[in-house]
Protein chains: 2
Amino acid sequence: MSAGIAHLIDDDEAIRDALSWLLRSRGIETRSWGSAEGFLADYGSAMRGCLVLDIRMQAMSGLELFDRLTQLGCTMPVIFLTGHGDVPVAVQAIKKGAFDFVEKPFNDNELADRVIAALAADRDLWLGRDRKHDIETRLASLTVREREVMDRVLGGKLNKVIADELGIAMRTVEVHRSHVFEKMGVRSAVDLARLLAGGEE
Amino acid sequence: MSAGIAHLIDDDEAIRDALSWLLRSRGIETRSWGSAEGFLADYGSAMRGCLVLDIRMQAMSGLELFDRLTQLGCTMPVIFLTGHGDVPVAVQAIKKGAFDFVEKPFNDNELADRVIAALAADRDLWLGRDRKHDIETRLASLTVREREVMDRVLGGKLNKVIADELGIAMRTVEVHRSHVFEKMGVRSAVDLARLLAGGEE
DNA sequence: AACGCCCTTGCGGATATCCACAATAGCGCC
DNA sequence: GGCGCTATTGTGGATATCCGCAAGGGCGTT
């Protein structure tokens, strides 16, 4: 499998081609667009990889595209390409959460390394997202009562105490507790605590 | 108690005074230095608060001071003051982990707000550090055996299983387990798991 | 009405945990 | 040698947890 896909957006065809050649020689798939508008039209939330984005372009600027993508919930890491006159804009970009940026003319190896880092960041993000999504799905499958019991189990409380607090019999708590473990896919309260501590915040 | 201390470093006395007046009017203590060297001489690792640092100064620049402080293990948030000609340097600063930066001439309210945010960040950092330090101290007080038992308890294993794995009697495991709880200041395996999951990584 | 889902509870037994009391043993230190 | 710390184990009892078996009620859907 490939190292990931780099989406190149620059209105200078020569640069797109140079980037494309450089990255492909490092085993990175590439796709190119000549304008921010063009990329936006093709963008979908399932898109994976990273962006290499010229910050200065005709019509819609790279920064503007970045803002729109952010609004669309896009989380792909973005590497901006900047001329050294565009630096104030680059500052904005970084503060807004751009992954990195490089000044033109760029050093080939350096840029490729950063793209690779960006692709790795995207993968990590999705790994974390998958795990979190799985946990959320499991949590959503709990009934209200089960959730109440789980919260108290996580508080380290004994079944007896939980029963008192909820005004139900201990046996009932045990049943809920066991359902919680089953639904959450764990076999002990310890595992549950680690699952939730590791997958949230 | 005060909102925190802002350390002002700028070779322009007029700016130092203006900053100092502004911040004090917002309840923030200030201390001023006219040079990076002067601040470095006074710096100690116990220093708390944040820095407001002119990025362009005689002799040692703000960025250079920032690098040295980082090497010294200083984690105070740094807000850089930059003229708009210094922007490329500001970019470097942000990439190196500066907390924020503002361009001169600055808007009073905006700058004060950022200083307040920086002070809050410093407090949070120390809160986290204190908790982590406390946990590490407790962990260090565990004997080797206790640690071995704890690791397995966190794995959700039953005392019986742990006893088998370590080749000792269940009773011994129980003793270690109880010591671990006592030393770590928790009363159940669940609490322990949450303590370690929340304080590490 | 019948079915499914959830909440509820009781009984009883197999396991596990928690702990006080008690004891043996190695190791380093004064 | 005595003292303290750590590791080790045993006995026995009070609690807790884990679970299958059994069963009643509420609620919404078909």
Side-chain angles (χ1 to χ4, degrees), chain A residues 131-200, chain B residues 131-200:
Chain A
R131 200 186 53 224
K132 186 176 287 187
H133 181 261
D134 176 58
I135 293 176
E136 278 167 5
T137 302
R138 290 172 185 275
L139 281 177
S141 75
L142 297 179
T143 66
V144 176
R145 228 8 172 197
E146 285 163 355
R147 185 62 185 260
E148 289 174 337
V149 170
M150 188 189 77
D151 290 342
R152 288 166 175 76
V153 167
L154 289 175
K157 292 173 180 169
L158 297 179
N159 288 349
K160 188 205 302 190
V161 179
I162 299 174
D164 276 352
E165 284 186 16
L166 296 180
I168 57 182
M170 238 184 68
R171 184 66 185 90
T172 312
V173 175
E174 290 172 13
V175 173
H176 289 314
R177 181 189 181 113
S178 130
H179 285 163
V180 168
F181 287 170
E182 189 185 345
K183 287 183 177 177
M184 297 303 291
V186 298
R187 288 170 61 247
S188 72
V190 179
D191 289 340
L192 182 61
R194 290 200 308 170
L195 180 70
L196 294 181
E200 309 226 301
Chain B
R131 198 185 55 223
K132 186 176 288 186
H133 181 262
D134 176 56
I135 292 176
E136 279 166 6
T137 302
R138 289 171 186 276
L139 281 178
S141 75
L142 297 179
T143 66
V144 176
R145 229 8 173 196
E146 284 163 356
R147 185 62 186 259
E148 289 173 336
V149 170
M150 187 189 77
D151 289 342
R152 289 165 174 77
V153 167
L154 289 176
K157 292 173 179 168
L158 297 179
N159 288 349
K160 187 205 301 189
V161 179
I162 299 174
D164 276 352
E165 284 186 14
L166 297 181
I168 56 182
M170 237 185 68
R171 184 65 186 92
T172 312
V173 175
E174 290 174 13
V175 173
H176 289 314
R177 182 188 182 114
S178 129
H179 285 164
V180 168
F181 286 170
E182 190 185 345
K183 287 183 177 177
M184 296 303 291
V186 298
R187 287 169 63 248
S188 74
V190 179
D191 289 341
L192 182 61
R194 291 201 309 168
L195 181 68
L196 294 182
E200 308 227 303

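Throughout, a chain's letter reflects where its sequence line sits, starting with A, and its residues are numbered from 1.
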Over how many whole Å does the gap from B/Arg187 atom CZ to C/dC18 atom P extend?
11 Å
Nucleotide of D/dC18, C/dC18, C/dT9 approaching A/Val175 most closely (side-chain heavy atoms):
C/dT9
Does B/Ser141 or B/Ala169 map to a spot on DNA chain D nearer the 5' end, using the closest nucleotide for each?
B/Ser141
Protein-nucleotide distance (A/Lys160, atom NZ; C/dT17, atom C1'), rounded to Å
13 Å
Mind checking if A/Thr143 touches a base, just sugar-phosphate, or nothing, with heavy atoms under 4.0 Å?
sugar-phosphate
Taking B/Ile162 as the fixed residue, which of B/Thr172, B/Val173, B/Ile168, B/Asp151 is the one that meets the side chain to side chain contact (heavy atoms under 4.5 Å, CB included) rule?
B/Val173
Separation of D/dC18 atom C1' from A/Met170 atom CE, nearest Å, is 10 Å
From NE2 of B/His179 over to C1' of C/dC19, roughly how many Å is that when rounded to an integer?
11 Å
Using modelled atom types only, decide if a donor and an acceptor are shared between the side chain of A/Arg145 and the backbone of A/His176 within a distance under 3.5 Å.
no
A/Glu146 and its side chain to side chain contact (heavy atoms under 4.5 Å, CB included) partner, picked from A/Val144, A/Leu142, A/Val149
A/Leu142
Starting at the 5' end of DNA chain C and moving along, which residue's nearest nucleotide shows up first, A/Glu146 or B/Ser188?
A/Glu146
Within the structure, does a side-chain N or O atom of A/Arg145 lie under 4.0 Å from either OP1 or OP2 of C/dT8?
yes
Separation of C/dA16 P from B/Leu158 CG (nearest whole Å):
6 Å
Charged N-O contact under 4.0 Å between B/Arg177 and B/Glu174:
no
Whole-Å gap separating P (D/dA7) and CD (B/Glu174)
16 Å
Measuring from the side chain of A/Asn159 (C-beta onward, heavy atoms only), which nucleotide among D/dC18, D/dT6, C/dC18 has the closest atom?
D/dC18
Checking C/dT17, D/dT17, C/dT8 against the side chain of A/His176 (C-beta onward), the nearest is C/dT8
Closest nucleotide among C/dT9, D/dT8, D/dT17 to the B/Ile168 side chain
D/dT8
Does the base of D/dT11 carry an N or O that pairs as donor and acceptor with the side chain of B/Arg171 under 3.5 Å?
yes
Any carboxylate oxygen within less than 4.0 angstrom of a Lys/Arg side-chain nitrogen, looking at A/Arg138 and A/Asp134?
yes
Measure from NZ on A/Lys157 to C1' on D/dA16 and round the result to the nearest Å.
17 Å
Whole-Å distance between D/dA16 P and A/Asp164 CG?
11 Å
